[in-house]
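Below: one structure, written as structure tokens.
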Amino acid sequence: MTEYGRSPGSEPWRPDDPLYGDQEWDGGRAAHGQGPYEAQQHPHAQDPYAQDPYAQQQYQTQYQQQPYDQQGHDPQQYAAGHQDPYGSAPQDPYGHQAPPPQYPQQTQYPQQQTQYDSQGWDTGHQQQAAPYTPPYEPYGYQPEQPYGAPQDGYGTPEAYPPPQPPGRRTAPEPQAGPDWDPDAPHEETHPFFTGADDPGRPGRDEDDDEPGDEPRGTRGGERRGKGKKKSRNGCACLVVALVLVGGVGGAGYYGYQFWQDQFGAPVDYTGMGTGPQVEVEVPKGALGYDIANLLKKQGVVKSVDAFVSAQNANPRGKSIQAGVYLLNKQMSAANAVKMMLDPKSQNALVIPEGTRNNKVYEMIDQRLGLKEGTTKQVAKTHAESLGLPDWASDNPNIKDPLEGFLYPAAYPVAKGSKPEAALKRMVARADEEYGKLGLAASAKKLGLSSPMQLITVASLVQVEGKYKHDFDKVARVVYNRLEPDNSETVGRLEFDSTINYIKGESTLDVGGVDDLRKIDDPYNTYNIKGLPLGPISNPGADALHSAMNPTPGPWYYFVSINEDKTLFAVTNEEHNRNRAEYEEERKNGQ
């Protein structure tokens, strides 16, 4: 059914319903026009629909709007039990029900009883639901309208035309098209295409019109001015051409620069450069680009990329170490790499293993061009601010708090720098190296009271041991002599190196033992028992390792005959025989 004739729903009647049964349509009003209850209550009721043609028209229209609800519904029962849902069916003021109009007798069909809830029709009235059985009408049936009443547009066949088979379908009539031919040539009239200017456009000359042109806004063919129209097309083309040429040229220039930066060879000098030489300090941890920037800043190379490329091309290029280098200006990058790999070009300040602090101070003064004693005075007055570790001795009788902490290595000490910077760098390196070794644990294992004493032992091994392959045995001699109950030295070291440290000398003939014992100094190992107050040199890594790992043995004495021969002894008599051999070797060597 359509949306307009849709009802809340229908249910079949049950046999026990009092209205269940066949309702024949024979034109009778009581049997067929009304329900059984209405027929009994109003046997003589008049038919208002027969008297009122408009009500009859509305009644008939209602059935026409229900084309799909025609089976099994009696319009007479519907009229008796329901008010018209749209309020169109008039009511008799005396309560009589109107009989339905007479219809041609139709073929009888089984009736379907539908129970309508009063709430399904929102009419504002609460009435009892009644069965409703509309007549069966063929498709397109239109009841006759009395008195020439207008036909219902929704009830005509034209409103709902039946579907046609494909062969009988007709195409819709084409609508009227535009009143112009799209294939016909079109004449441009816009000023941009015709050359005519807008009279209101700013800057337009009045004599721009060609002779014969009629300006817009003139009347009767009148012209506003005379003369020839000024042509601007050539100027415009020239401007466009210049812009294009400039853009292409600029893009080409920047494109070439980009290609040159990305794929071209980097700019570089040629040859070995020119003098005078410049000093370049390479800090620790500097990489290729860091070094290249330093060299470019000093004028050694022309570009960073040139140096990095040359460094990568050299098999040993990545082995450039921190330090100070003397290089020429305007060198090719490849030659700069080669010179930096040559040890002769390195201008670092090298501190040899076992060097005393007094010698280091002199080297720094010479390097910086300072007056002799300048660096030593700085070390004495600024020792606490140079970065010494917490466990360093603060004994006031110690000769130099920095002794043993100017670690032997190569340092970049550039001209123009200050001595404090060089000393801080050396102390920091010693603190770093000592931290790696775990001196505190090793000192405790060896019976020493502090890491400072372990460094002191290493400084003695560094000076007393002439050759590194003897360091382990020399370290054992030191620890054996430190035993207070030993019968050979009774806890004294008796090293000549300590006498040389006190005197600031370096000689093998320090004098007789009786004279040496008379020297009153806390560093005089001929007079005191145990270790001196502090280190007597700056030991290197080998001496430190031997001091921490001495070779087991009973030796108390040793003497080096030559590089390949060092004699160790347990007793003093044996040691005296070894000394005689040493003296014989010296005489033969002269």
Side-chain angles (χ1 to χ4, degrees), residues 352-354 404 408 437 442-443 445-448 453-502 505-514 516-517 523-532 535-590:
E353 295 176 346
L437 298 175
S442 297
K445 182 180 67 174
L446 295 168
L448 301 175
Q453 286 191 339
L454 184 56
I455 297 174
T456 302
V457 172
S459 69
L460 294 171
V461 173
Q462 183 76 62
V463 177
E464 289 289 335
K466 192 173 183 179
Y467 307 107
K468 292 183 179 180
H469 55 77
D470 295 330
F471 281 178
D472 294 349
K473 288 185 177 181
V474 172
R476 176 48 61 188
V477 170
V478 173
Y479 288 116
N480 287 342
R481 288 190 180 189
L482 288 176
E483 295 293 335
D485 56 350
N486 76 83
S487 58
E488 293 297 326
T489 63
V490 195
R492 291 191 292 262
L493 293 177
E494 296 181 350
F495 286 158
D496 294 345
S497 57
T498 59
I499 300 300
N500 286 329
Y501 183 78
I502 293 170
E505 299 174 350
S506 181
T507 180
L508 295 176
D509 190 5
V510 293
V513 174
D514 294 338
L516 295 176
R517 295 189 191 277
Y523 285 80
N524 184 4
T525 56
Y526 281 93
N527 186 32
I528 67 171
K529 292 182 179 182
L531 293 169
I536 63 173
S537 71
N538 292 287
D542 293 329
L544 286 165
H545 183 272
S546 296
M548 296 171 64
N549 303 278
T551 299
W555 312 291
Y556 290 95
Y557 306 94
F558 67 93
V559 60
S560 297
I561 303 301
N562 52 47
E563 184 177 356
D564 299 327
K565 187 177 182 180
T566 299
L567 301 176
F568 291 86
V570 178
T571 64
N572 191 38
E573 291 77 12
E574 185 182 1
H575 177 60
N576 287 333
R577 290 193 298 267
N578 294 337
R579 285 178 61 89
E581 185 177 351
Y582 168 74
E583 292 293 338
E584 188 67 22
E585 186 71 21
R586 287 182 62 187
K587 289 178 182 180
N588 295 332
Q590 293 178 354

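A quick note: this is a predicted structure, and the numbers were derived from the prediction, not measured.
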| field | Criterion side-chain contact (heavy atoms from CB on, under 4.5 Å) on Tyr479 and Leu446, from CA distance to verdict | value | CA-CA 9 Å; Tyr479 288 116; Leu446 295 168; 3.1 Å; yes
| message | Apply side-chain contact (heavy atoms from CB on, under 4.5 Å) to residues Asn500 and Val510 and explain how you reach the verdict. | response | CA-CA 7 Å; Asn500 286 329; Val510 293; 3.5 Å; yes
| field | Full working for side-chain contact (heavy atoms from CB on, under 4.5 Å) between Lys466 and Thr566 | value | CA-CA 9 Å; Lys466 192 173 183 179; Thr566 299; over 6 Å; no
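When all heavy atoms of Arg476 and Pro552 are compared, the closest pair comes out as NE-CA, 3.8 Å. Considering every non-hydrogen atom in both Asn480 and Gly553, the closest pair reads ND2-O, 2.9 Å. Minimum heavy-atom separation, Gln462 to Gly540: OE1-N, 2.9 Å. The minimum heavy-atom distance linking Gly354 with Ser537 is given by the pair O-CB, 3.4 Å. Nearest approach of Ser560 to Tyr582, heavy atoms of both residues: O-CD1, 3.2 Å. The two residues Asn562 and Tyr467 come nearest to each other via the heavy atoms O-CE1, 3.1 Å.
Between the CD atom in Glu583 and the CD1 atom in Ile561 there is a gap of 9.0 Å [rounded to 0.5 Å]. Here the straight-line distance linking atom CD of Glu494 with atom CD1 of Ile528 works out to 11.5 Å at 0.5 Å rounding. A distance of 13.5 Å separates OH in Tyr523 from CD1 in Ile499, rounded to the nearest 0.5 Å. Taken from OG1 in Thr571 to CZ in Arg577, the straight-line distance is 6.5 Å, to the nearest 0.5 Å. Remark: Phe495 CZ to Thr489 OG1 distance equals 9.0 Å, nearest 0.5 Å.
Checking side-chain atoms of His469 against main-chain N and O of Asp564 turns up no donor-acceptor pair under 3.5 Å. In this structure, the side chain of Glu464 engages the main chain of Ser497 through a donor-acceptor pair within 3.5 Å. Using modelled atom types, no side-chain atom of Tyr501 and backbone atom of Asn524 make a donor-acceptor pair closer than 3.5 Å.
Residues that satisfy the ring pair (Phe, Tyr, Trp, His ring centres under 6.0 Å) test with His545, not counting sequence neighbours, are absent from this structure.
Looking at Val463, Ile455, Val461, Leu454 one by one, the single match for side-chain contact (heavy atoms from CB on, under 4.5 Å) with Pro539 turns out to be Ile455. The side chain to side chain donor-acceptor pair (under 3.5 Å) test with Tyr557 singles out one residue from Arg579, Arg481, Glu488, Glu573, and that residue is Glu488. When each of Thr498, Thr525, Leu482 is checked for a side-chain contact (heavy atoms from CB on, under 4.5 Å) with Leu531, only Leu482 meets the rule.
The shortest side-chain heavy-atom distance between Pro550 and Val457 does not fall under the 4.5 Å cut-off. Glu574 is not listed as a side-chain neighbour of Phe568, based on a closest heavy-atom distance of 4.5 Å or more. Glu585 has its side chain out of reach of Lys565: every pair of non-hydrogen atoms, C-beta onward, lies at least 4.5 Å apart.
The list of side chain to side chain donor-acceptor pair (under 3.5 Å) pairs with a residue in residues 546-556, not counting sequence neighbours, reads Asp472-Ser546.
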